[in-house]
Amino acid sequence: MKRVSGIGWLLVLALACGQPGKKAEKAPATRAFPMAEIPMMITEPPRRAEWMVQHFWDPFTRADKLYYCDSVTVNGVPVEELEKQVGLFATLLPQLSIPTGQEAMKAAFGRLEAFQKAQPEGNVFSKTSALISRYFFDPNSPVRNEDLYLPYVTLLAASDLVSEKDRRQYAWDAKVCSINQTGTPAADFTFLDTAGRRRTLYGIKADYTLLIFGNPDCSACREIMAQMAASPEISALIAGGRLKVADIYIDEEIDLWKEKKDAYPKEWINGYDPSFTIRTDRLYAVRAVPSLYLLDEKKNVLLKDALPEMVLDVLQNL
């Protein structure tokens, strides 16, 4: 399980949709994605950003004029253009607080679902929801964010627009997203270190703990080691005891881990899960490696399954 980094992973979806109605046939076949216009009286940048994410999907889901839809067109917008807008939406939300972002996700779902129910022959709900799922939940997405995806997937799991089979899958995805949310205490667990000592996550004492679920054969994991070693700021945090790094192996090939355990930095805490509890009990939803969590002194989650560059940026600026 190795991640693909960068924006180049974007995929064009080709999901089926219904036939366009009579009104849609009178409208132009395609159009640019209609952007929401922030009211001029809102001048403060934070309020403008908040208004934009709350109303991002309003013009696209207006039903006063219907547009064509097929496998490559969504309410008149080419699917490639729609995907770019979902990507923009996914980059705007993390700039705000998590509660604000979650409310924006609920608003997006409400607009898309209401439009689909009013125009059941279209494909707005299915295609846009599929893109939102890819951007916010796919482990290869460079903007994945389980905290923000949680309210959307929870609503998907309860929507009558979704098949019973898909609702069950979305319910499981919602459960995955609810584990170790940002701002909550991280789940404790027991592991064995390189000396065979039994230790716990909460037994690690430091201002900050960087928890890494990795693999000795993971090239991305080795890149993180090199980047951290090259950072004087991070090295100083580790040397001063403010930061502890715990790399935990959760797969079953323990002999492989033992063969390569010396490759890890000596100043790191290196161990493995002897009972495979982390994976089987879903204490942590490790969907791809490396999976990084930054914890505070009390083991509250500061960053959840975060991109390496995000973690490194935070650590270098502590």
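From Lys261, atom NZ reaches atom OH of Tyr272 across 8.5 Å, with rounding to the nearest 0.5 Å. Interatomic distance, Ile38 CD1 to Arg48 CZ, rounded to the nearest 0.5 Å: 4.0 Å. Considering CD of Glu233 and OG of Ser235, their distance stands at 8.5 Å, rounded to 0.5 Å. Separation of atoms SG (Cys221) and OH (Tyr264) is listed at 6.5 Å; rounding is to 0.5 Å. We find the CG-OG distance between Asp305 and Ser291 to be 3.5 Å, quoted to the nearest 0.5 Å. Between the CZ atom in Phe189 and the OH atom in Tyr202 there is a gap of 10.0 Å [rounded to 0.5 Å].
Residues Leu294 and Met310 form no side-chain contact, since every pair of their non-hydrogen atoms from C-beta on lies 4.5 Å or further apart. Between Asn300 and Pro185 the shortest side-chain heavy-atom distance falls below 4.5 Å. Counting heavy atoms from C-beta on, the side chains of Val162 and Phe125 come closer than 4.5 Å. Contact annotation: the side chain of Val124 approaches that of Phe60 to within less than 4.5 Å [non-hydrogen atoms, C-beta and beyond]. Taking the side chain as every heavy atom from C-beta outward, Tyr293 and Thr209 never approach each other to under 4.5 Å. Using a 4.5 Å heavy-atom cutoff, the side chains of Met228 and Trp268 are in contact. Proximity of Leu210 to Ile234: side-chain heavy atoms (C-beta onward) are nowhere separated by under 4.5 Å. Using a 4.5 Å heavy-atom threshold, the side chains of Pro290 and Ile224 count as touching.
Applying the ring-ring contact (aromatic ring centres under 6.0 Å, His included) rule to Phe56 yields the partners Phe33, Phe89; only residues at least two apart in sequence or on another chain are considered. Partners of Trp172 according to the ring-ring contact (aromatic ring centres under 6.0 Å, His included) rule, which considers only residues two or more places apart in sequence or in another chain, do not exist here.
Taking the six-membered ring for Trp and the full ring otherwise, Tyr152 and Phe137 have centroids separated by 6.0 Å or more.
With hydrogens and angles ignored, the 3.5 Å screen pairs a side-chain donor or acceptor of Lys304 with a backbone N or O of Cys177. Side-chain atoms of Gln169 never come within 3.5 Å of backbone atoms of Lys165 as a donor-acceptor pair (strictly under, hydrogens ignored). Asp247 contributes no side-chain N or O that, together with a main-chain N or O of Asn270, makes up a donor-acceptor pair within less than 3.5 Å. With hydrogens and angles disregarded, no donor-acceptor distance shorter than 3.5 Å links the side chain of Glu146 to the backbone of Ser178. Of the possible polar contacts, one joining the Arg222 side chain to the Pro216 backbone as a donor-acceptor pair under 3.5 Å is found.
The pair Arg279-Asp273 fails the salt-bridge criterion, with no side-chain N (NZ, NE, NH1 or NH2) lying under 4.0 Å from an Asp/Glu carboxylate O. Salt-bridge formation is detected for the pair Glu164/Arg168: a Lys NZ or Arg NE/NH1/NH2 atom is positioned less than 4.0 Å from an Asp or Glu carboxylate oxygen.
Grouping the Ile, Leu, Val, Met, Phe, Trp and Tyr side chains by contacts below 4.5 angstrom, directly or via other members, places Leu156 apart from Leu150. Ile179 and Met105 are members of different hydrophobic clusters when ILVMFWY side chains are connected at heavy-atom separations under 4.5 Å. Hydrophobic clustering (ILVMFWY, side-chain heavy atoms < 4.5 Å, transitive): Met41 and Met52 are in one cluster. In the hydrophobic clustering of ILVMFWY residues, with side-chain heavy atoms under 4.5 Å counting as a link, Val314 and Ile98 come out apart. When hydrophobic clusters are built by joining Ile, Leu, Val, Met, Phe, Trp and Tyr residues whose side-chain heavy atoms come closer than 4.5 Å, directly or via intermediates, Tyr208 is grouped together with Leu292.
Side-chain polar atoms of Ser163 and Asp166 form a donor-acceptor pair below 3.5 angstrom. There is a side-chain donor-acceptor pair under 3.5 Å between Tyr149 and Ser133.
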- Test side-chain contact (heavy atoms from CB on, under 4.5 Å) applied to Arg144 and Leu307, step by step: CA-CA 9 Å; Arg144 66 187 179 276; Leu307 293 171; 3.0 Å; yes
- Task: Check step by step if side-chain contact (heavy atoms from CB on, under 4.5 Å) holds for Leu112 and Phe115.
- Result: CA-CA 5 Å; Leu112 294 166; Phe115 184 88; 5.9 Å; no
- Message: Assess the residue pair Trp257 and Asp251 against the criterion (side-chain contact (heavy atoms from CB on, under 4.5 Å)); give the C-alpha distance rounded to whole Å, side-chain angles, the decisive distance to 0.1 Å, and a yes or no.
- Response: CA-CA 9 Å; Trp257 175 82; Asp251 290 323; over 6 Å; no
- Task: May I have the step-by-step check of side-chain contact (heavy atoms from CB on, under 4.5 Å) for Gln85 and Val77, ending in yes or no?
- Result: CA-CA 10 Å; Gln85 297 304 323; Val77 177; over 6 Å; no
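In terms of heavy-atom proximity, Asn180 sits nearest to Leu283 at ND2-O, 2.7 Å. Residues Leu315 and Leu237 share a closest heavy-atom pair of O-CD1, 3.4 Å. In terms of heavy atoms, Leu66 sits closest to Gln119 at CD1-OE1, 3.1 Å. Summarising the geometry of Asp138 relative to Arg287, their closest heavy-atom pair is C-NH1, 4.3 Å, with the distance given to 0.1 Å. Among all heavy-atom pairs drawn from Ile204 and Ala246, the shortest one is CD1-CB, 3.8 Å. In this structure, Leu201 and Ala187 approach most closely via the heavy-atom pair CD2-O, 3.5 Å.
Every pair passing side-chain hydrogen bond (donor to acceptor under 3.5 Å, both in side chains) that includes a residue from residues 100-114 is listed here, sequence neighbours excluded: Asp58-Arg111, Thr61-Arg111, Ser97-Thr100, Glu103-Lys106, Glu113-Ser159.
Remark: of the listed residues Glu297, Lys299, Lys298, Lys299 is the sole one forming a side chain to side chain contact (heavy atoms under 4.5 Å, CB included) with Leu295. Each of Arg198, Arg197, Arg199 was scored for a side chain to side chain contact (heavy atoms under 4.5 Å, CB included) with Leu192, with one residue passing: Arg198.
Within 6.0 Å of NZ in Lys175 there are 12 or fewer heavy atoms belonging to other residues, nucleotides or ligands.
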